[in-house]
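Chain A is the first sequence line, chain B the second, and so forth, proteins listed ahead of strands; every chain is numbered from 1.
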2 protein chains.
Amino acid sequence: MQTSDRIIEAATRLIKKNGYRGVSTKAIATEAKVNESTIFRQFGSKQGILEAIIERHSDIPQFEKLLKEDATDNPEVDLLNVSQQYRLFFHKNADIILIGLRDKGMLPELDRVLADPPLKLHSLLVEYFERLQKKKVIARQDERLIAMSFLSMCYGFQMSELIHRQYQSQLVTEEEFYKHSVSLFVKGILSQS
Amino acid sequence: MQTSDRIIEAATRLIKKNGYRGVSTKAIATEAKVNESTIFRQFGSKQGILEAIIERHSDIPQFEKLLKEDATDNPEVDLLNVSQQYRLFFHKNADIILIGLRDKGMLPELDRVLADPPLKLHSLLVEYFERLQKKKVIARQDERLIAMSFLSMCYGFQMSELIHRQYQSQLVTEEEFYKHSVSLFVKGILSQS
DNA sequence: AATGCATGCAAGTGCACGCTTGCAAATCTG
DNA sequence: CAGATTTGCAAGCGTGCACTTGCATGCATT
């Protein structure tokens with residue numbers, strides 16, 4: 001069915017821009033070139049559209065694999081992989097994340113898309129750094145803190161891109177940022193204080 | 001006048017939680033224990049409340065001083081100061097930032113509170129790192145990139161605290177985070193590749 | 001050709017919202 | 001105390017919103 005796709009896409013575009021409450025079903029219908037009644041026949045209610053948007057974009061990143069089975073225990077390699085995966089996650093879910101920021105608290109599942117990945121990634125990074133310390137690959141230090149530093153760096157860069165992209169011409173490209181940041185971070189955790 | 005204060009505080013609380021469009025003037029009146037008509041006599045319109053909220057919180061951070069006149073050119077010291085200032089900025093403007101995230105695009109000034117500080121800080125950091133390189137305090141590297149790494153780290157940590165504080169019990173405290181992160185970052189930019 | 005289904009169209013319903021107004025009570029000010 | 005200002009109260013206005021419904025039309029399947 002092509003109609004409901006057009007509705008979902010139109011709604012996504014508008015809600016991302018104006019927030020759920022800032023968009024009327026009439027506006028969605030116009031944007032989707034569809035009669036307003038069709039929306040309700042397809043999704044039942046306005047909230048039904050939002051649920052459909054979320055369901056369609058449910059894409060949860062798989063950090064476990066990168067930091068456990070596939071880990072090389074060379075932090076420069078592994079962390080670059082993780083950062084790429086995280087970046088990919090932001091790109092795939094950009095719409096939902098932006099909607100989630102605007103309409104936090106509307107749907108529990110929407111909040112989870114926003115809150116879960118960083119939490120999950122932090123705990124995996126803690127485990128990873130613990131292991132590297134036991135193997136004496138990196139210096140002794142508080143794993144919680146280095147995990148948080150690395151996570152904040154990636155999270156901050158991506159969020160800033162999402163939130164401010166329209167206002168600021170790209171200061172640095174994603175690729176050079178991660179290449180440089182990961183190596184800078186690794187130097188930091190390798191060196192003995 | 002105590003009445004308008006109560007209205008502004010009530011409105012801030014509610015808008016932060018539900019977004020501008022998610023809060024009715026009636027709800028604000030109830031929360032402020034004030035008659036609804038009083039709101040309009042005081043602020044003229046619903047948008048007038050929002051403008052008053054913004055005006056009241058206009059608090060722009062002064063990074064220039066820290067990175068120019070007062071700079072010690074010891075990066076560990078200066079960057080810790082900057083991070084503290086940035087952290088302070090987030091605390092003072094937490095309400096507005098959260099509202100700005102929700103209702104981006106409603107008022108130009110609201111958008112600016114959100115977008116300007118990171119941009120400004122980035123350009124100041126670029127200048128700062130340029131100078132340290134000329135003085136051979138730190139190794140040769142792209143100032144734009146180290147500035148962005150440091151900024152993203154601070155921005156990411158603070159944004160994550162603002163956005164997720166309710167969901168995640170604090171993983172690390174602000175103080176230990178900055179103490180650790182700054183020193184890790186400085187190690188990274190000091191070491192020769 | 002007949003049946004069923006998705007859609008368009010037009011009209012409408014009820015409700016919540018932003019906002020106004022007139023008047024009385026309360027509170028402040030000189 | 002007198003006058004002015006600020007509030008509460010109650011009623012109401014117009015509008016936009018989410019959502020419904022009945023009917024007509026096109027379109028695909030059998």
Side-chain angles (χ1 to χ4, degrees), chain A residues 1-56 95-96 98-100 102-110, chain B residues 1-56 95-96 98-100 102-110:
Chain A
M1 197 149 309
Q2 199 181 355
T3 312
S4 59
D5 286 349
R6 282 215 316 281
I7 296 174
I8 290 186
E9 278 168 28
T12 304
R13 227 173 301 138
L14 293 177
I15 295 178
K16 199 168 64 169
K17 197 172 156 203
N18 304 323
Y20 178 76
R21 292 183 229 251
V23 172
S24 68
T25 52
K26 194 175 180 179
I28 296 173
T30 306
E31 174 90 3
K33 280 161 191 155
V34 154
N35 192 275
E36 194 181 352
S37 59
T38 303
I39 289 182
F40 292 96
R41 288 195 261 247
Q42 291 271 0
F43 299 96
S45 68
K46 188 186 176 187
Q47 182 158 321
I49 313 174
L50 187 55
E51 285 162 7
I53 294 178
I54 298 174
E55 196 178 359
R56 154 165 316 201
D95 290 342
I96 296 244
L98 281 170
I99 293 175
R102 273 197 184 279
D103 299 301
K104 198 149 76 82
M106 276 230 37
L107 286 179
E109 205 187 328
L110 192 56
Chain B
M1 195 149 309
Q2 199 181 356
T3 312
S4 59
D5 286 349
R6 282 215 316 283
I7 296 175
I8 289 187
E9 278 168 28
T12 304
R13 226 173 302 137
L14 293 177
I15 295 177
K16 200 168 63 168
K17 197 172 156 204
N18 304 324
Y20 177 78
R21 292 183 229 248
V23 173
S24 67
T25 52
K26 194 175 181 179
I28 295 174
T30 307
E31 174 91 2
K33 280 162 192 154
V34 153
N35 192 276
E36 193 181 352
S37 59
T38 303
I39 290 182
F40 291 97
R41 288 195 262 246
Q42 291 271 1
F43 299 96
S45 68
K46 188 187 176 186
Q47 182 160 319
I49 313 174
L50 187 55
E51 285 161 7
I53 293 178
I54 297 174
E55 196 179 356
R56 155 165 315 202
D95 290 342
I96 296 243
L98 281 170
I99 293 175
R102 274 198 184 277
D103 298 301
K104 199 147 75 83
M106 276 229 38
L107 286 179
E109 205 187 329
L110 192 56

Any sub-3.5 Å donor-acceptor pair from A:Lys46's side-chain atoms to A:Tyr20's backbone N or O?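 Yes, A:Lys46 side chain to A:Tyr20 backbone: donor-acceptor pair under 3.5 Å.
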Quick check: does any side chain N or O of A:Arg102 sit under 3.5 Å from a backbone N or O of A:Lys17, one acting as donor and the other as acceptor?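 Side chain of A:Arg102 to backbone of A:Lys17, a donor-acceptor pair under 3.5 Å: yes, one is there.
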Given atom [atom1] of [X] and atom [atom2] of [N], what is their separation to the nearest angstrom?
| X | N | atom1 | atom2 | answer |
| --- | --- | --- | --- | --- |
| B:Ile39 | D:dC9 | CD1 | P | 14 Å |
| A:Ile7 | D:dC19 | CD1 | P | 14 Å |
| A:Met106 | D:dA18 | CE | P | 11 Å |
| A:Ile49 | D:dA18 | CD1 | C1' | 10 Å |
| A:Glu36 | C:dA6 | CD | C1' | 17 Å |
| A:Ile28 | D:dC19 | CD1 | P | 10 Å |
| B:Arg21 | D:dG16 | CZ | C1' | 13 Å |
| A:Asn35 | D:dA18 | CG | P | 15 Å |

Hey, what do you get for [atom1] ([X]) to [atom2] ([Y]), rounding to the nearest 0.5 Å?
| X | Y | atom1 | atom2 | answer |
| --- | --- | --- | --- | --- |
| A:Asp95 | A:Leu98 | CG | CG | 7.0 Å |
| B:Thr3 | B:Lys33 | OG1 | NZ | 13.5 Å |
| A:Thr12 | A:Ile7 | OG1 | CD1 | 11.5 Å |

Closest-nucleotide mapping onto DNA chain C: is B:Lys26 or B:Ser37 further toward the 5' terminus? I mean the 5' end.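 Looking at the nearest nucleotide for each, B:Lys26 comes out on the 5' side.
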Measure the shortest side-chain to side-chain distance between A:Arg21 and A:Met106 over non-hydrogen atoms and say whether it is less than 4.5 angstrom. yes
Taking only the side-chain heavy atoms of [X] (C-beta and beyond), determine which of [options] contains the nearest atom.
| X | options | answer |
| --- | --- | --- |
| A:Lys46 | D:dC9, C:dG8, D:dC19 | D:dC19 |
| B:Ser45 | C:dC19, D:dC9, C:dC9 | C:dC19 |
| A:Gln42 | D:dC9, C:dT7, D:dT20 | C:dT7 |
| B:Arg41 | D:dC9, C:dA10, D:dC19 | D:dC9 |
| A:Phe40 | D:dT20, C:dC19, C:dT7 | D:dT20 |

Between [X] and [N], is there a contact of a side-chain N or O with OP1 or OP2 at under 4.0 Å?
| X | N | answer |
| --- | --- | --- |
| B:Gln2 | D:dT6 | no |
| B:Thr38 | D:dT7 | no |
| A:Gln47 | D:dA18 | no |
| B:Thr3 | D:dT7 | yes |

Starting at the 5' end of DNA chain D and moving along, which residue's nearest nucleotide shows up first, B:Arg6 or A:Ser24?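 Upstream on the strand: B:Arg6.
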Specify the angle, to 10°, made by the local axes at the two ends of the helix from C:dA1-D:dT30 to C:dG30-D:dC1 when five pairs are taken at each end.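 Between the first-five-pair axis and the last-five-pair axis there is 30°.
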Partner of A:Glu31 by salt bridge (Lys or Arg N to Asp or Glu O under 4.0 Å), out of A:Arg13, A:Arg6, A:Lys26: A:Arg13
Neighbours of DNA chain C within residues 12-20 of chain B, by heavy-atom distance under 4.0 Å: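 Nothing qualifies; none.
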Evaluate the side chain to side chain contact (heavy atoms under 4.5 Å, CB included) criterion for residues B:Glu36 and B:Ile28: first the C-alpha distance (whole Å), next the side-chain angles of each, then the deciding distance (0.1 Å), finally the verdict. CA-CA 8 Å; B:Glu36 193 181 352; B:Ile28 295 174; over 6 Å; no
Sidechain N-carboxylate O distance under 4.0 Å for B:Asp5, B:Arg56: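 Salt bridge flag = yes for B:Arg56 with B:Asp5.
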Given side chain to side chain contact (heavy atoms under 4.5 Å, CB included), test B:Leu50 with B:Asp103 step by step and report yes or no. CA-CA 11 Å; B:Leu50 187 55; B:Asp103 298 301; 5.7 Å; no
